[in-house]
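A quick write-up on the structure given underneath.
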Amino acid sequence: MEKQDSNRSLSFIDTPTAANAGFLERGRRIKMAAEMGLVESSRGRHWSRALRSRLLRRKGNGACGCKEEGLAPCKVAEDLVGEDGDDEVIEIERRVRALQKLVPGGEDLAMDQLFEETADYIEALQGQVNVMRALAGLLDGLEKEKRLMGG
Amino acid sequence: MEPTRSSGAGSGNSGTYTPEIEESLRFEEEIQSLMRDNTMHPSLEPPPASGGGGGSSSFTALLGLPANQAVELLHQPDSDDSPAVAAAATSGRELWRFRLRDPKALTLPSGFSPTFPSNAALVERAARLSVFAAEDSPEAASVPSHSGDRFPKPKAEPADSDSQPICPIPGERPQRPAKRKEAEKGNKVKGAAKKTKSAEEGSAKGAEENTAGEKLPYVHVRARRGQATDSHSLAERARREKISARMKLLQELVPGCSKISGTALVLDEIINHVQSLQRQVELLSMRLAAVHPRIDFSGLDSFLSAECGRVSVGNGRGGGGMEQSAWTEATDESRRQPQQQIWHVDLVHPHQTPSVWERVDSPHLFVHPGTSLFGYDPANSVSLHSNQLKTEL
């Protein structure tokens with residue numbers, strides 16, 4: 001599961017030890033919660049639905065009630081660079097495919113819709129990061145005070 | 001001095017002879033008459049609806065008119081035309097006369113026959129009107145400069161030297177005016193190029209400019225010079241422009257991307273940005289997990305049952321003071337787990353202490369309880385759509 005939603009991972013996640021197993025598990029759950037927050041915040045979006053189905057699938061399909069979206073063939077980048085040379089087309093295609101893998105549900109999308117979804121996804125991600133950072137800061141403060149107060 | 005009005009110009013028509021051709025030929029004749037007797041006034045402000053084309057002496061004046069009026073003028077009975085209308089410039093007259101006199105001898109470089117299929121006639125007219133409507137004064141200035149003997153390249157000289165007679169795609173031209181997006185930049189060069197083309201291809205149709213400015217009821221796409229103009233490439237071009245518009249939007253979203261030029265590099269930046277954001281989410285979730293290695297909130301139950309509203313503690317006070325707010329989106333499944341909470345971080349007041357509950361032994365992280373538990377004033381919080389972290393499990 002660690003690899004499914006990110007191309008890169010923090011290395012220590014891969015090697016759970018007894019000491020950090022709980023920590024890792026909690027981290028994963030928090031991450032899942034964060035992603036669910038992403039989903040809920042942008043409900044109508046294609047990437048949101050795709051992310052939701054991915055999360056629910058991971059949890060065991062009980063809560064899923066969603067329809068399975070058939071995987072459409074990958075739409076290629078020929079729209080963007082119809083006039084350019086072949087090399088550029090290949091280059092751009094490669095990047096478009098990479099982007100498709102990053103954005104949840106991106107494989108089904110053609111270029112124009114993909115870009116739209118990407119823009120929305122970036123905004124949602126940014127918001128999510130802000131929230132989590134603020135929360136972490138607050139909790140750190142809280143923790144510090146608890147410690148100070150001998151709590 | 002001109003072929004007769006009746007079917008003089010029409011006599012050459014051997015092919016399809018549709019009402020449109022007839023009409024355009026009629027225009028031709030009317031223009032003929034106008035040119036014959038009138039001088040050209042490059043800048044005319046004729047009284048629009050005067051009879052028989054009234055003060056609108058020349059076709060250039062017609063060009064300046066709104067389309068309907070121009071058409072109206074030309075449809076007026078010809079009897080009034082000659083005396084009332086001013087005379088066109090001599091050379092221009094000659095030019096037109098030359099053209100109109102000999103439509104059959106009109107040998108376009110492309111071998112374009114005067115007997116057009118019907119849609120070509122319409123199309124040429126529309127092409128002309130797009131050309132002439134856009135530029136009236138330059139044409140008015142340019143036309144008089146031509147003389148009849150320069151007929152084969154009637155407008156080779158005027159302002160645009162680069163407009164060569166591009167007639168290799170006469171077949172495509174008929175379809176070009178099928179769509180014209182006003183958003184397309186039609187600069188002088190393009191217009192001039194088209195003018196040249198149209199002048200060569202359809203010069204027998206002197207009546208084209210009659211419909212100058214007349215907007216056909218569908219969208220016109222102005223083809224760029226040298227670009228294909230069939231419907232497929234037009235649609236493709238529209239799609240491409242949509243895609244580049246989205247790309248621009250993405251460029252604005254991603255910081256530092258607007259300076260970059262080149263699609264591949266921009267896409268690189270976008271990909272990097274998305275990856276970095278995803279990585280940040282992961283790191284922050286790890287950090288959040290680390291912050292509370294053991295979550296235990298003593299006052300949790302009492303707090304939940306109290307159904308209190310926002311308890312705002314002074315800045316930095318921890319311990320018992322807890323302030324939280326709940327998202328009002330209710331899910332029933334959450335009621336099973338009263339211990340779980342959704343916490344809503346109010347970013348407007350970052351120093352207020354939020355509360356986070358998590359039961360270590362429960363498989364759930366944060367589940368939204370009933371909405372009645374927390375009174376929440378949505379107006380007070382920043383309504384960032386991603387303001388909540390919750391999960392449904």
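Residue numbering restarts at 1 for every chain, and letters A, B, ... go by the order of the sequence lines. Quick note: numbers below take in every heavy atom, side chains included, and nothing from hydrogens, waters or symmetry partners.
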Are there residues of residues 251-261 of chain B whose heavy atoms fall under 4.5 Å of chain A's heavy atoms? If so, which?
B:L253, B:V254
Does B:L284 reach the side chain of A:I30, with side-chain heavy atoms less than 4.5 Å apart?
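B:L284 does not reach A:I30 side chain to side chain.
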Using side-chain heavy atoms (C-beta onward) and a distance below 4.5 Å, is A:F115 in contact with B:L249?
no
At what distance, to the nearest 0.5 angstrom, does [atom1] of [X] lie from [atom2] of [Y]?
{"X": "A:M111", "Y": "B:R240", "atom1": "CE", "atom2": "CZ", "answer": "11.5 Å"}
{"X": "A:R95", "Y": "B:I271", "atom1": "CZ", "atom2": "CD1", "answer": "7.0 Å"}
{"X": "B:L283", "Y": "A:K31", "atom1": "CG", "atom2": "NZ", "answer": "10.0 Å"}
{"X": "A:L125", "Y": "B:H273", "atom1": "CG", "atom2": "NE2", "answer": "9.0 Å"}

Nearest non-hydrogen partners of A:L24 and B:M286, listed with the distance:
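Closest pair (atom of A:L24, atom of B:M286, distance): O-CE, 4.3 Å.
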So, for B:L288 and A:M132, which heavy atoms are closest and what is the spacing to 0.1 Å?
CD1-CE, 4.1 Å
Residue selection (most heavy-atom pairs with chain B, distance under 4.5 Å) from A:R133, A:E91, A:R94:
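Top option by heavy-atom pairs under 4.5 Å: A:R133.
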Could you walk me through whether A:E116 and B:L250 pass the side chain to side chain contact (heavy atoms under 4.5 Å, CB included) test, one step at a time?
CA-CA 8 Å; A:E116 200 177 324; B:L250 273 175; over 6 Å; no
Heavy-atom proximity to chain B below 4.5 Å, by part of A:E25
neither
Would a distance-only check, ignoring hydrogens and angles, find a side-chain to backbone donor-acceptor pair under 3.5 Å from B:Q278 to A:L102?
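Yes, B:Q278 side chain to A:L102 backbone: donor-acceptor pair under 3.5 Å.
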Would you find a donor on one side and an acceptor on the other, under 3.5 Å apart, between the side chain of A:R26 and the backbone of B:A289?
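Checked: pair present.
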Heavy atoms only, distances under 4.5 angstrom: which of B:A245, B:G262, B:S285 has the most pairs with chain A? Name it, please.
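Ranked by contacts with chain A, first place is B:S285.
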For B:K242, check salt bridge (charged side-chain N to carboxylate O under 4.0 Å, His left out) against everything at least two apart and list the hits.
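Once residues adjacent in sequence are excluded, the partners of B:K242 under the salt bridge (charged side-chain N to carboxylate O under 4.0 Å, His left out) criterion are A:D112.
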